[in-house]
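Note sheet for the following structure.
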Protein chains: 2
Amino acid sequence: MNDLFEALAAPARRALLDELTQQNGQTLFELCARLTMKHGLGLSRQAISQHLDVLESVGLVTTERKGRCKFHYIDTRPLMSILERWPITNREEQTSED
Amino acid sequence: MNDLFEALAAPARRALLDELTQQNGQTLFELCARLTMKHGLGLSRQAISQHLDVLESVGLVTTERKGRCKFHYIDTRPLMSILERWPITNREEQTSED
DNA sequence: ATTATATGCAAGTCACGACTTGCATGTCAA
DNA sequence: TTGACATGCAAGTCGTGACTTGCATATAAT
């Protein structure tokens with residue numbers, strides 16, 4: 001799976017991006033705890049780890065290893081490709097409501 | 001299915017949005033022909049119709065009925081919610097590369 | 001060295017979405 | 001009306017992704 005849109009399709013992965021937006025640079029354990037608490041998601045550590053792998057494979061998350069901990073950082077730049085692909089207009093030329 | 005991100009997850013639906021970006025206001029038959037020709041997708045009419053239903057349910061496509069024809073229009077405004085949710089920064093504050 | 005901590009890998013189950021097939025509905029022209 | 005055209009509805013198959021379970025690896029502390 002190396003598709004930006006499929007990566008965004010899973011609610012758990014969007015919650016991970018939300019969590020990293022609130023506080024960047026969290027470890028896997030921190031993300032597990034916070035996802036369970038704040039977002040009400042009851043996922044196993046492995047499930048969250050797999051989601052982070054997907055996010056990293058599409059460039060939405062970068063990681064940094066320090067000792068036995070792995071820190072995760074959000075990178076929103078891939079999202080720009082969405083707007084470049086389907087420009088947001090002011091709805092004048094796209095509908096024919098006359 | 002009424003989820004913006006799941007709607008964007010299917011390549012066929014993204015191709016439909018591409019096609020409507022190129023030429024807005026196409027009918028189901030026109031979209032079937034053009035998807036097969038230009039995008040190389042061999043999908044049945046019903047499959048494309050179902051994809052259009054999904055796009056309409058999340059507000060990415062609006063429709064207009066005229067007689068026995070149904071015209072489809074793209075509406076990119078729902079995409080704005082993506083950027084509002086995860087703001088695109090200039091990568092200064094999101095990484096800790098010091 | 002031993003133990004606890006933090007993460008990684010692999011195989012397996014299972015549900016949901018993508019797609020098809022078949023038939024039905026509605027509109028326009030002869 | 002009849003027939004052709006454009007679309008809609010419903011049920012069924014099938015593959016893939018989400019999640020789990022179990023074990024393995026690597027780092028830090030005692």
Side-chain angles (χ1 to χ4, degrees), chain A residues 1-20 23-37 39-58 60-73 96, chain B residues 1-20 23-37 39-58 60-73 96:
Chain A
M1 151 120 48
N2 52 348
D3 185 291
L4 171 65
F5 298 96
E6 292 206 10
L8 290 172
R13 287 195 284 269
R14 299 199 293 270
L16 281 169
L17 292 180
D18 290 340
E19 191 47 52
L20 288 178
Q23 176 157 355
N24 213 3
Q26 297 188 57
T27 67
L28 174 59
F29 257 46
E30 289 172 328
L31 288 168
C32 286
R34 288 176 150 238
L35 269 204
T36 305
M37 306 295 173
H39 300 264
L41 293 180
L43 290 184
S44 68
R45 175 182 61 83
Q46 287 81 353
I48 295 182
S49 176
Q50 286 168 3
H51 284 308
L52 287 170
D53 288 342
V54 173
L55 290 173
E56 186 175 9
S57 73
V58 301
L60 283 170
V61 159
T62 61
T63 60
E64 190 181 3
R65 192 100 207 200
K66 277 182 182 172
R68 59 181 165 181
C69 293
K70 191 177 180 184
F71 298 94
H72 301 265
Y73 305 90
S96 64
Chain B
M1 151 122 47
N2 52 346
D3 185 291
L4 171 65
F5 298 96
E6 292 207 10
L8 291 171
R13 287 195 284 269
R14 299 199 293 270
L16 282 168
L17 292 179
D18 290 339
E19 191 48 51
L20 289 177
Q23 177 157 354
N24 212 3
Q26 297 188 56
T27 67
L28 174 60
F29 258 45
E30 289 172 327
L31 288 168
C32 286
R34 288 175 151 242
L35 269 205
T36 305
M37 305 295 172
H39 300 263
L41 293 180
L43 290 184
S44 68
R45 174 182 61 84
Q46 287 81 352
I48 296 182
S49 176
Q50 287 167 3
H51 284 308
L52 288 170
D53 288 342
V54 173
L55 289 173
E56 186 175 9
S57 72
V58 301
L60 283 171
V61 159
T62 61
T63 60
E64 191 181 4
R65 190 102 208 199
K66 276 183 181 170
R68 58 182 166 180
C69 294
K70 190 177 182 183
F71 299 94
H72 300 265
Y73 305 90
S96 64

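The structure presented is a predicted model; accordingly, all values stated were derived computationally and were not measured. Each chain gets a letter, A, B and so on, in the order the sequences are listed, and its residues count up from 1.
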Go through the structure and list residues passing side-chain contact (heavy atoms from CB on, under 4.5 Å) with A12(B), not counting sequence neighbours.
-> L41(B), L43(B), H51(B)
Using the test side-chain contact (heavy atoms from CB on, under 4.5 Å), find all partners of Q50(A) that sit at least two apart in sequence or belong to another chain.
-> none
Establish, with yes or no, whether the OP1 or OP2 oxygen of dG8(C) is under 4.0 angstrom from a side-chain nitrogen or oxygen of K70(A).
-> yes
Rounded to whole Å, CG of L31(B) lies from P of dG8(D) at a distance of 12 Å
Can you tell me the distance, in whole Å, between the CD atom of E64(A) and the P atom of dT7(C)?
-> 13 Å
Whole-Å distance, E30(A) CD to dT7(C) C1', equals 14 Å
Which residues pass the side-chain contact (heavy atoms from CB on, under 4.5 Å) test with F29(A), sequence neighbours left out?
-> T27(A), R45(A)
Between dA6(D) (C1') and L28(B) (CG): distance, integer Å | 8 Å
When the rotation axes relating C1' atoms of four end pairs to the next four are compared across the helix from dA1(C)-dT30(D) to dA30(C)-dT1(D), five pairs an end, they differ to 10° by 20°
In whole Å, what is the span from the CZ atom of F5(A) to the C1' atom of dG17(C)?
-> 18 Å
Close side-chain approach of L20(A) to L31(A), heavy-atom, < 4.5 Å | yes
Using a 4.0 Å cut-off on protein heavy atoms (strictly under), produce a 5'-to-3' string for nucleotides 14-30 of chain D with B for base contact, S for backbone-only sugar-phosphate contact, and - for none.
-> ---SSBBBB----BS--
Would one find a side-chain N or O of R65(B) under 4.0 angstrom from OP1 or OP2 of dT25(C)?
-> no
Hits for salt bridge (Lys or Arg N to Asp or Glu O under 4.0 Å) against R13(A), two or more places apart or cross-chain, chain-then-number order -> none
The side-chain hydrogen bond (donor to acceptor under 3.5 Å, both in side chains) partners of T63(A) (sequence neighbours excluded) come to E56(A)
For R14(B), the salt bridge (Lys or Arg N to Asp or Glu O under 4.0 Å) test, sequence neighbours excluded, returns D3(A)
Go through the structure and list residues passing salt bridge (Lys or Arg N to Asp or Glu O under 4.0 Å) with E6(B), not counting sequence neighbours.
-> none
CD of Q23(A) to CD of E30(A): how many Å apart, nearest 0.5 Å?
-> 6.5 Å
What is the distance, rounded to the nearest whole Å, between atom CD1 of I48(A) and atom P of dG8(C)?
-> 13 Å
